[in-house]
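Let me begin by presenting the structure, written as structure tokens, before commenting on it.
Quantities reported herein were computed from a predicted structural model and do not represent experimental measurements.
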Amino acid sequence: MALSDDRALDRIRCGARPEFPLSVAAGFCVYRGAITAVCQDGTAVPAGSTGTPSPLVAIMGIARGRQDNSGTSQVYGDQSGPGPAWIEKDAFALPFDTAPTWANVGATVYAIDDETVSLTETPEGGTARLQVGTLSGLDENGVPFVLIQ
């Protein structure tokens with residue numbers, strides 16, 4: 001299920017990682033904590049989006065803050081309009097469609113939408129998903145962390 005509001009994610013800092021400012025595509029809103037994809041034209045959209053201005057080419061990371069370029073925002077100022085939206089890379093606790101185990105550590109992780117990830121690249125009858133990163137481990141409570149590089 002796609003995000004409908006901002007969220008905070010647990011994270012494990014992995015040293016300095018590049019952070020990129022991207023303009024949000026017209027008609028889209030990227031929420032804080034959203035898995036964010038970049039289109040071929042260089043604009044950002046929530047992962048799993050359809051109707052994008054050009055094809056999705058890669059997952060860039062997790063949005064540091066909300067950026068609403070949907071044209072319907074009731075918020076004005078820096079968070080309204082194309083951006084920039086700052087996209088972070090690190091190890092984040094992300095929800096999976098099916099809970100991974102320690103046997104899955106090191107496996108490639110794919111975006112279902114801007115909220116949820118999967119160990120399955122191509123769902124039955126579906127199209128290939130974009131790679132988010134790798135499953136780096138599980139904490140003491142069994143929460144999986146995905147390393148986005």
* Measuring from T120:OG1 to I112:CD1, what's the distance to the nearest 0.5 Å? -> 7.5 Å
* Side-chain heavy atoms under 4.5 angstrom apart, residues restricted to Ile, Leu, Val, Met, Phe, Trp, Tyr: same cluster for L9 and L135? -> yes
* **Sequence-distant partners of R7, salt bridge (Lys or Arg N to Asp or Glu O under 4.0 Å), two or more places apart** => none
* Asked: Cut-off 3.5 Å, side chains only: do D97 and S118 have a donor facing an acceptor?
  -> yes
* Among all residues two or more places apart in sequence or in another chain, which pass the salt bridge (Lys or Arg N to Asp or Glu O under 4.0 Å) test with E19? -> R64
* **hydrophobic_cluster_shared for L147 and L119, side chain cutoff 4.5 Å** => no
* Structure fact -> Residues at least two apart in sequence or cross-chain that pass side-chain contact (heavy atoms from CB on, under 4.5 Å) with C39, listed by chain then number, are D41, T43, V45, T52, P53, S54, L56
* With side-chain contact (heavy atoms from CB on, under 4.5 Å) as the test, would you mind laying out the steps for T122 and Y110 before giving the verdict? => CA-CA 9 Å; T122 307; Y110 303 93; over 6 Å; no
* Mind checking what makes side chain to side chain donor-acceptor pair (under 3.5 Å) contact with E88, not counting sequence neighbours? -> R11
* Structure fact -> Value for CG (L94) from OG1 (T116), rounded to nearest 0.5 Å, stands at 9.0 Å
* To do: Sequence neighbours left out, what passes side-chain contact (heavy atoms from CB on, under 4.5 Å) with P123? Give chain and number order.
  => R129
* For F20, the rest of its hydrophobic cluster, which grows through side-chain links under 4.5 angstrom -> L22, V38, V57, M60, I87
* If you group Ile, Leu, Val, Met, Phe, Trp and Tyr by side-chain heavy-atom gaps below 4.5 Å, do V146 and L130 land in one group? -> yes
